[in-house]
Amino acid sequence: MDNLNLTTLQRGQTMVNDVAIDAFAAGFRGSLLTSKDMDYNEARTIWNAMIDRRPGLIARCAGAADVVRAVRFARDNNLLVSVRGGGHGIAGNAVCEGGVVIDLSAVKSVRVDPQTRRARIEPGATLADVDQETLAFGLVLPTGINSTTGIAGLTLGGGFGWLTRKFGLTLDNLLSVDVVTADGELVKASEKEMPDLFWALRGGGGNFGVVTSFEFQLNPLNTEVLAGLVVHPFADAEKVLKEYRQALEAAPDELTCWVVMRQAPPLPFLPAEWHGKEIVVLAMCYCGDIAAGEKATARLRAIGNPIADVVGPVPFTGWQQAFDPLLTPGARNYWKSQDFASLSDAAIEVLLKAVRKLPGPECEIFIGHVGGAAGRVPTQATAFPQRSSHFVMNVHARWREAGMDGSCIGWARELFEATKPHAVGTAYINFMPDDEGDRVEEAYGANYARLAEAKRRYDPNNLFRMNQNVKPMAAVRAA
């Protein structure tokens with residue numbers, strides 16, 4: 001199947017006959033788009049502007065029954081299939097060339113049960129949708145840091161952000177899923193029902209089916225947190241990073257602090273003379289008592305002589321959306337990522353050298369500190385591979401003009417290679433671009449063999465391969 005030459009589903013230009021297309025359309029409750037429809041170009045556009053693919057058919061599903069029909073149609077006609085949730089993934093796997101896009105963006109309800117502290121969330125929901133519903137009841141699901149991200153891709157790949165150290169990864173809070181497997185059957189997976197499939201879905205990405213509903217355990221949270229930015233001049237970067245590293249050694253689970261290094265955007269609280277200059281930002285969030293947060297953040301806020309300190313009590317929903325303006329759709333994006341067990345002096349030296357060569361004003365490096373509750377889950381408990389307390393580096397190249405592709409991608413790749421000696425080898429698959437397919441086995445480490453066996457059982461023909469692909473076990477053995 002991997003070598004099929006699939007072009008388009010437009011009639012008269014494909015192996016799929018009119019009868020099959022008409023039968024599919026007749027029982028489909030949502031809408032079907034081809035290149036002839038006015039909404040087609042909008043529907044095939046995703047967050048990363050580098051991705052410009054033209055699917056033959058976009059199946060905008062209205063519910064689980066539509067997903068079942070779409071999977072069976074793609075399977076029966078040997079069509080390439082991709083699955084779109086929020087459309088925010090860096091690799092662009094939400095859209096395929098010439099095949100069928102199973103578009104879940106309209107299937108986005110969030111239903112909260114405040115008595116059981118559980119939520120049933122559909123795959124088209126964004127993090128903003130989730131926060132709006134859960135926080136209305138003083139409850140929260142730990143997710144990412146950009147409110148336009150889709151819950152489905154985030155969860156299936158891991159999901160870490162401001163609350164991970166306190167409440168674990170997004171997938172650690174997952175109780176069950178309804179999922180359409182490659183044979184076109186809707187099944188439920190949990191710790192008790194199809195546990196091997198449930199294990200694989202918690203970190204294995206979109207390799208094992210199309211999730212039509214997620215059931216999550218929620219956590220109590222005050223609607224207000226202590227959060228904000230402390231901005232330092234880049235000239236102080238080495239001192240800031242080393243003291244940051246030391247301060248985190250005693251950080252409670254409620255405290256998360258990440259580093260961002262980039263050219264300063266025109267933020268209103270920064271003096272104009274700093275706009276466009278390299279800076280080091282400590283972005284922190286304390287998700288407990290505000291007075292306790294003031295004490296917990298004191299050491300971080302005492303580092304050096306910052307240009308600005310705008311840490312204070314804020315609504316969590318506002319903080320969760322604070323970085324949205326820097327991550328709007330329409331830009332070209334390329335990421336490279338590494339996991340570090342510790343932020344060594346040698347690694348810091350490499351990072352600072354790269355910041356001095358930023359290829360554009362929107363390019364940045366961020367370092368996320370994870371650990372905490374997420375780090376106390378055994379490595380084999382879920383497919384997600386990296387559980388030891390660690391730092392995640394994301395080299396985020398972002399630019400507007402195609403003529404900058406070479407310099408921006410080259411910068412990210414150069415930094416990735418330079419940090420290899422200091423990294424542990426695993427990787428966060430949600431940060432991996434589409435040219436890192438050969439890195440997937442390494443990224444999952446010791447969990448890869450079990451994933452490959454689950455793939456053999458639930459998708460032996462690799463129907464779901466528009467992802468950071470896990471090959472079925474038979475293919476692994478034959479390789």
Side-chain angles (χ1 to χ4, degrees), residues 48 83 88-94 144 149 152-161 164 168-172 199-208 333-342 347 365-371 374-375 377-397 409 412-413 415-456 458-459 462 464-473 475-477 479:
N48 186 357
V83 183
H88 208 283
I90 183 64
N93 286 321
T149 301
L154 180 88
T155 302
L156 295 174
F160 70 91
T164 299
L169 299 169
T170 308
L171 62 79
D172 293 331
W199 178 90
L201 287 166
R202 287 177 293 165
N207 274 284
F208 304 96
N333 295 268
Y334 183 83
W335 296 356
K336 298 292 277 189
S337 178
Q338 296 276 24
D339 284 339
F340 299 124
S342 62
I365 301 169
F366 91 64
I367 305 293
H369 183 229
V370 194
V377 176
T379 300
Q380 289 77 33
T382 66
F384 186 86
Q386 179 51 267
R387 289 295 187 167
S388 60
S389 181
H390 70 297
F391 296 88
V392 179
M393 175 192 74
N394 187 22
V395 184
H396 183 184
I409 294 173
R413 288 174 174 169
L415 177 52
F416 173 77
E417 292 297 327
T419 53
K420 272 186 177 180
H422 315 293
V424 296
T426 56
Y428 184 45
I429 64 165
N430 286 344
F431 286 171
M432 291 168 59
D434 64 353
D435 61 359
E436 287 197 334
D438 59 349
R439 194 184 176 205
V440 173
E441 183 170 354
E442 178 188 24
Y444 282 112
N447 286 343
Y448 186 80
R450 185 175 173 185
L451 279 168
E453 174 56 26
K455 183 73 169 180
R456 181 200 64 78
Y458 292 103
D459 186 14
N462 207 7
F464 301 117
R465 58 188 182 276
M466 287 293 294
N467 44 49
Q468 296 301 346
N469 194 228
V470 174
K471 301 293 190 301
M473 178 60 79
V476 171
R477 289 171 179 163

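Side-chain N or O atoms of Q468 include none that pairs as donor or acceptor with a backbone N or O of N430 at under 3.5 Å. With hydrogens and angles disregarded, a donor-acceptor distance shorter than 3.5 Å links the side chain of Y428 to the backbone of G159. R465 places a side-chain N or O within 3.5 Å of a backbone atom of N462 that can act as its donor or acceptor partner. With hydrogens and angles disregarded, no donor-acceptor distance shorter than 3.5 Å links the side chain of Q386 to the backbone of D339. When atom types are taken as modelled, the side chain of N93 and the backbone of D434 share no donor-acceptor pair closer than 3.5 angstrom. Between the side chain of K336 and the backbone N or O of L415 there is no donor-acceptor pair closer than 3.5 Å.
Under the 3.5 Å distance criterion, with hydrogens and angles disregarded, a donor-acceptor pair is assigned to the side chains of Y334 and R413. Residues E417 and T419 have side chains that never bring a donor and an acceptor to within less than 3.5 angstrom of each other.
Take A341 and apply the side-chain contact (heavy atoms from CB on, under 4.5 Å) test, not counting sequence neighbours, and it matches V424. For D172, the salt bridge (Lys or Arg N to Asp or Glu O under 4.0 Å) partners at least two apart in sequence or on another chain are R387. Applying the side-chain hydrogen bond (donor to acceptor under 3.5 Å, both in side chains) criterion to N394, with sequence neighbours excluded, gives no partner residue. With sequence neighbours excluded, no residue forms a side-chain hydrogen bond (donor to acceptor under 3.5 Å, both in side chains) with W199. In this view, E442 satisfies the side-chain hydrogen bond (donor to acceptor under 3.5 Å, both in side chains) rule with no residue, not counting sequence neighbours. Partners of S342 by side-chain hydrogen bond (donor to acceptor under 3.5 Å, both in side chains), not counting sequence neighbours: none found.
Here L169 contributes atom CG and T155 contributes atom OG1; the two are 10.0 Å apart, rounded to the nearest 0.5 Å. The structure places CZ of F391 at 8.5 Å from CD1 of I367, a figure rounded to the nearest 0.5 Å. Between atom CG of residue N333 and atom NE2 of residue H88 there is a gap of 8.5 Å, rounded to the nearest 0.5 Å. Rounded to the nearest 0.5 angstrom, Q338 CD and F416 CZ are separated by 4.5 Å. Considering NZ of K455 and NZ of K471, their distance stands at 9.0 Å, rounded to 0.5 Å. The OG1 atom of T170 sits 4.5 Å away from atom CG of L154, with the distance rounded to the nearest 0.5 Å.
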Evaluate the side-chain contact (heavy atoms from CB on, under 4.5 Å) criterion for residues M432 and W335: first the C-alpha distance (whole Å), next the side-chain angles of each, then the deciding distance (0.1 Å), finally the verdict. CA-CA 7 Å; M432 291 168 59; W335 296 356; over 6 Å; no

Determine, step by step, whether R456 and E453 satisfy the salt bridge (Lys or Arg N to Asp or Glu O under 4.0 Å) criterion, reporting the C-alpha distance in whole Å, the side-chain angles of both residues, the deciding distance to 0.1 Å, and the verdict. CA-CA 5 Å; R456 181 200 64 78; E453 174 56 26; 2.5 Å; yes

Let's go through F431 and F160 carefully: what are the C-alpha distance in whole Å and the side-chain angles of both, what is the deciding distance for ring pair (Phe, Tyr, Trp, His ring centres under 6.0 Å) to 0.1 Å, and is it a yes or a no? CA-CA 11 Å; F431 286 171; F160 70 91; 5.7 Å; yes

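Residues A443 and P385 approach most closely at O-CG, 3.2 Å, considering heavy atoms. Nearest heavy atoms, A91 versus P433: CB-C, 3.9 Å. Closest non-hydrogen pair, S337 versus V392, comes out as OG-CG1, 4.0 Å. The nearest pair of heavy atoms linking A454 to A200 is CB-CB, 4.0 Å. Considering every non-hydrogen atom in both L451 and A383, the closest pair reads CD2-CB, 3.7 Å. Nearest heavy atom pair, residue F464 against residue N469, reads O-ND2, 3.4 Å.
Between L171 and L156, every side-chain heavy-atom pair lies at or beyond the 4.5 Å cut-off.
Of the listed residues (D459, I429, N447, N207), just one forms a side-chain contact (heavy atoms from CB on, under 4.5 Å) with V470, and that residue is N207.
Taking the six-membered ring for Trp and the full ring otherwise, F340 and H390 have centroids separated by 6.0 Å or more.
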